Amino acid sequence: MIIKNRNLNLKQIAESGQTFRWYPHSEGYVIVANHEVIYARQLEDGIEIDSEDPYWLDYFDLERDYQDIINHYKGKDVFLDEAMAYGWGVRILKQDPFEIIVSFIISANNNIKRITSAMEKISHYGTYLKTIEGKDYYDFPSPEDLIQVTVDDYRLCGLGYRDKYLHQLIQDITSGNIDPYAIKDLSDKELKETLLRLKGVGEKVANCIVLFGYDRSDGFPIDTWIKKVLDKKYGVTKNETDFIKNYFDYYPGIIQQYLFFYGRFIKI
DNA sequence: GGCCAGGTGAAAC
DNA sequence: GTTTCACATGGC
């Protein structure tokens, strides 16, 4: 189906550091989500995907008007204007909470290429879905699929010292200690507190998880790039969260994506 | 070849 | 409460 939208750019989303299961293919991307493998390609004023499932409309967060958000912040400062102009097609995908938790536990003190590679290897523990031009695609494994996977197995997936965090996460979920799907109805505060109890989840990772996995736009992950942006462009080196809450109020999580995407691009 | 990457846990103050 | 340090590993 064709999805028309002027704030929807596949390449920008793919490179905005929120998903690690998009595979560049032909002119577009192979995307695995919703127990389904699709191919998406860019159009002039939107995208085309080879699925008719309305799930994807929600996945691409289509009911949210990103131009309205951009207009709201326009003229606030020069750097933000540049960032929004550069990242006009960035959106925040609605991704599976469990997959997001795993992704961002792996993301700590890591780089995007390695995170992508680790997620690809872990996906082989999931159900085989489809082969496209010789490459096999797998559904992302459920916690149950990972019960028997050992710390050493995770190490072989390239997780480094984070191997034991993922192993612990699976124990926590399968033992009923935490249910990544049941906690979606918690308040912003309770949700974050719950996530912070997980090993390998600190302030920054928790913010990524609530923003990318639970549709909480108050999430504002402060990573190395955002730190540089705040320091060099806003003169903020301490009490960052207070500054963010005041200055970027309205849709802070989406603004954070524009700043991250642009700041990383210009190697600020 | 040292530094960096979408930082966190644990020990030490 | 905050400061300090170790931590796997591929890319540059």
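These figures come from a predicted structure and were not determined experimentally. So you know, we letter chains A, B, ... as the sequences are listed, proteins then strands, and number each from 1.
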Peer 1: Starting from P on B:dG7, measure out to CD on A:Glu203 and report it in whole angstrom.
Peer 2: 14 Å
Peer 1: DNA chain B: A:Gln18 or A:Tyr165, which has the more 5' nearest nucleotide?
Peer 2: A:Gln18
Peer 1: Ignoring hydrogens and angles, answer whether the base of B:dG7 and the side-chain atoms of A:Tyr161 contain a donor-acceptor pair closer than 3.5 Å.
Peer 2: yes
Peer 1: Starting at CG of A:Asp223 and ending at C1' of B:dC4, how long is that distance when rounded to a whole Å?
Peer 2: 13 Å
Peer 1: If you look at every strand shown and take non-hydrogen atoms under 4.0 Å, does A:Leu198 touch a base, only sugar-phosphate, or nothing?
Peer 2: sugar-phosphate
Peer 1: Using a 4.0 Å heavy-atom cut-off, does A:Gln257 contact any base of the nucleic acid, only the sugar-phosphate backbone, or nothing at all?
Peer 2: base
Peer 1: Check every strand shown and say whether A:Lys227 touches a base, only sugar-phosphate, or nothing at a heavy-atom separation below 4.0 Å.
Peer 2: nothing
Peer 1: Assign the ring pair A:Tyr165 / A:Tyr161 to parallel, tilted or perpendicular, where the plane angle (0 to 90°) is split at 30° and 60°.
Peer 2: perpendicular
Peer 1: The test is side chain to side chain donor-acceptor pair (under 3.5 Å); show your working for A:Ser107 and A:Asn110 and say whether it passes.
Peer 2: CA-CA 5 Å; A:Ser107 78; A:Asn110 209 341; over 6 Å; no
Peer 1: Give the rounded distance in Å between these two atoms: NZ of A:Lys238 and C1' of C:dT2.
Peer 2: 14 Å
Peer 1: Considering every strand and a 4.0 Å limit on heavy-atom distances, what is the contact class for A:Arg162: base, sugar-phosphate, or nothing?
Peer 2: base
Peer 1: Name the nucleic acid region contacted by A:Phe220, choosing base, sugar-phosphate or nothing; use a 4.0 angstrom heavy-atom cut-off, strictly under.
Peer 2: nothing
Peer 1: How is A:Ile222 classified with respect to the nucleic acid when contacts are heavy atoms under 4.0 Å: base, sugar-phosphate, or nothing?
Peer 2: nothing
Peer 1: Output yes when A:Asp188 and A:Arg216 qualify as a salt bridge under the 4.0 Å nitrogen-oxygen rule, no when they do not.
Peer 2: yes
Peer 1: Which nucleotide in the set B:dT8, B:dA10, C:dA8 lies at the smallest distance from any side-chain heavy atom of A:Asn109?
Peer 2: C:dA8
Peer 1: Tell me the interatomic distance from A:Ile115, atom CD1, to B:dG7, atom C1', rounded to whole angstroms.
Peer 2: 11 Å
Peer 1: Rounded to whole angstroms, how far apart are CG on A:Leu169 and C1' on B:dT8?
Peer 2: 15 Å
Peer 1: Determine: side-chain N/O of A:Thr224 to OP1/OP2 of B:dG7, distance under 4.0 Å, yes or no.
Peer 2: yes
Peer 1: B:dC4 and C:dC5: how far apart are their P atoms, nearest whole angstrom?
Peer 2: 16 Å
Peer 1: Rounding to a whole Å, what distance do you find between A:Phe20:CZ and B:dA5:C1'?
Peer 2: 11 Å
Peer 1: Mind calculating the distance between CG (A:Leu166) and P (C:dC7) to the nearest angstrom?
Peer 2: 21 Å
Peer 1: Of A:Lys113 and A:Asn110, whose nearest nucleotide on DNA chain C comes first from the 5' end?
Peer 2: A:Asn110
Peer 1: Can you tell me how far C1' of B:dT8 sits from CD1 of A:Ile105, to the nearest Å?
Peer 2: 11 Å
Peer 1: Thinking salt bridges, do A:Lys228 and A:Asp231 make one under a 4.0 Å N-O criterion?
Peer 2: no
Peer 1: Find which nucleotide of DNA chain B each of A:Asn111 and A:Val201 is nearest to by heavy atoms, and output the residue with the more 5' nucleotide.
Peer 2: A:Asn111
Peer 1: Report yes or no: is the cationic atom of A:Lys232 (NZ for Lys, CZ for Arg) closer than 6.0 Å to the six-membered ring centre of A:Tyr234, at no more than 45° off its axis?
Peer 2: no
Peer 1: If the C1' atom of B:dA5 is compared with that of C:dT3, how far apart are they to the nearest Å?
Peer 2: 22 Å
Peer 1: Taking any heavy-atom pair under 4.0 Å as a contact, classify A:Ser16: base, sugar-phosphate, or nothing.
Peer 2: base
Peer 1: With a 4.0 Å cut-off on heavy atoms, is A:Gly200 in touch with a base, just the backbone sugar-phosphate, or nothing at all?
Peer 2: sugar-phosphate
Peer 1: Is any side-chain N or O of A:Lys228 closer than 4.0 Å to OP1 or OP2 of B:dC4?
Peer 2: no
Peer 1: Check A:Glu240 with A:Lys227, please: is the shortest side-chain N to carboxylate O separation under 4.0 Å?
Peer 2: no
Peer 1: Taking atom P in both C:dG10 and B:dT8, compute the distance separating them and give it to the nearest angstrom.
Peer 2: 22 Å
